[in-house]
Amino acid sequence: MKFGFCVMANVDEIGFFSHAETLGFDSVWVADSQHMFSDCYAVLALAARQTTRLRLGPGTAICGTRIPAVQVAAMGTLNRLAPGRVFLGIGTGNTAMRTMGQKPMKMAEFSEYLRVLAGLLRGETVDYTFNGVTKPIRMLMHETHYMNLEPHIPLYVSGFG
């Protein structure tokens, strides 16, 4: 059996991750809520540098505040720092969107977001509509520098909110 848990993104508590690894935990999910906590990707990058075995990822990242390519670039960068130890938990943005007076993403939009996100995570070219214009997009430079999409980055979809 593997154990993990979710923590608030706190850039001042980075030592926690190596402690969790020492205690034998498998994973730590870092909350993504831009109005409440430190940036989850900055915290995860620091945690990746201080650990060697612990699996790391946002729990859960917010689709309403980052377009799919931005989400994939962040995860690909983390996968470069901690190859094979990262995962992406994604949700409609219940808490984070409500703190801005917005509603979480609707299910049809979320489904489309996940289609694009999953394709980009696999290194595929996908049709993406932004500001009413649909174009094929893909992640560049992911095989050699800057980010890694291999090993595969698991995608977990939240059912909360």
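Just so you know, these numbers come straight off a predicted model, no measurement behind them.
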Visitor: Please check if the number of heavy atoms outside R115 that lie under 6.0 Å from its CZ is greater than 12.
Guide: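 It does: R115 CZ has more than 12 such atoms within range.
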Visitor: Count I, L, V, M, F, W, Y as connected when their side-chain heavy atoms are under 4.5 Å apart, and connections chain through other members. Are I90 and V7 then in the same cluster?
Guide: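 Per the 4.5 Å side-chain linkage, I90 and V7 are co-clustered.
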Visitor: Within a radius of less than 6.0 Å around CE of M8, do more than 12 heavy atoms belonging to other residues, nucleotides or ligands occur?
Guide: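 No, not enclosed.
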Visitor: Please tell me whether I137 and L114 are part of a single hydrophobic cluster in this structure, the criterion being side-chain heavy atoms less than 4.5 Å apart.
Guide: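 I137 and L114: one cluster.
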Visitor: Kindly write out the residues that satisfy ring pair (Phe, Tyr, Trp, His ring centres under 6.0 Å) with F16, not counting sequence neighbours, or none if the list is empty.
Guide: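 Expected list: F5.
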Visitor: Donor-acceptor check, side chain of D32 to backbone of I62, threshold 3.5 angstrom: yes or no?
Guide: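 Flag set: sc D32 to bb I62 pair under 3.5 Å.
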Visitor: Can you tell me if N79 uses its side chain to pair, donor with acceptor, with the backbone of N148 under 3.5 Å?
Guide: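 Indeed, once roles are kept as given, a pair shorter than 3.5 Å links the two residues.
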Visitor: So how far is it from R53 CZ to F25 CZ, rounded to the nearest 0.5 Å?
Guide: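 Those atoms lie 10.0 Å apart.
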Visitor: Measure the OH-OG1 distance between Y41 and T77 for me, rounded to the nearest 0.5 Å.
Guide: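 Output value for this atom pair is 10.0 Å.
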Visitor: Whether the side chain of E21 engages the backbone of L54 through a donor-acceptor N/O pair (distance < 3.5 Å, no angle test) should be reported.
Guide: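 Side chain of E21 to backbone of L54, a donor-acceptor pair under 3.5 Å: yes, one is there.
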Visitor: Under 4.5 Å between side-chain heavy atoms, hopping through other hydrophobics if needed: is there a path connecting V43 to V70?
Guide: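 Per the 4.5 Å side-chain linkage, V43 and V70 are co-clustered.
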Visitor: Give the cluster check for F37 versus L46: same hydrophobic cluster or not, with ILVMFWY residues linked at side-chain heavy-atom distances below 4.5 Å.
Guide: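 Cluster IDs for F37 and L46 differ.
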Visitor: L56 and A47: which non-hydrogen atoms are nearest, and at how many Å?
Guide: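 Looking at all heavy atoms of both residues, the shortest contact is CD1-C, 3.9 Å.
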Visitor: Roughly how far, to the nearest 0.5 Å, is OG1 of T95 from CE of M36?
Guide: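 Taking CE in M36 and OG1 in T95, the distance rounds to 6.5 Å.
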Visitor: Is it true that L140 and M147 fall in one hydrophobic cluster, defined by side-chain heavy atoms closer than 4.5 Å?
Guide: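 No, no single cluster joins them.
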Visitor: What are the two closest heavy atoms between A20 and V28, and how far apart are they?
Guide: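 Here A20 and V28 meet closest at CB-CG2, 4.2 Å.
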Visitor: How long is the straight-line distance from CD of Q34 back to SG of C40, given to the nearest 0.5 Å?
Guide: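 The distance works out to 9.5 Å.
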Visitor: What is the distance from atom CZ of R122 to atom CG of L117, rounded to the nearest 0.5 Å?
Guide: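 That separation rounds to 9.5 Å.
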Visitor: Going by the side chain to side chain contact (heavy atoms under 4.5 Å, CB included) test, name the single residue among L88, I153, V86 that passes it with L78.
Guide: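 Testing each of L88, I153, V86 against L78, the sole residue satisfying side chain to side chain contact (heavy atoms under 4.5 Å, CB included) is V86.
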Visitor: Is the side chain of S158 donor-acceptor paired with the backbone N or O of G91 at a distance under 3.5 Å, no angle test?
Guide: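 No; judged by distance alone, with no hydrogens or angles, the pair does not exist.
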Visitor: Hey, is the main chain of G57 close enough, under 3.5 Å, to the side chain of R85 for a donor-acceptor pair?
Guide: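 No; zero donor-acceptor contacts below 3.5 Å.
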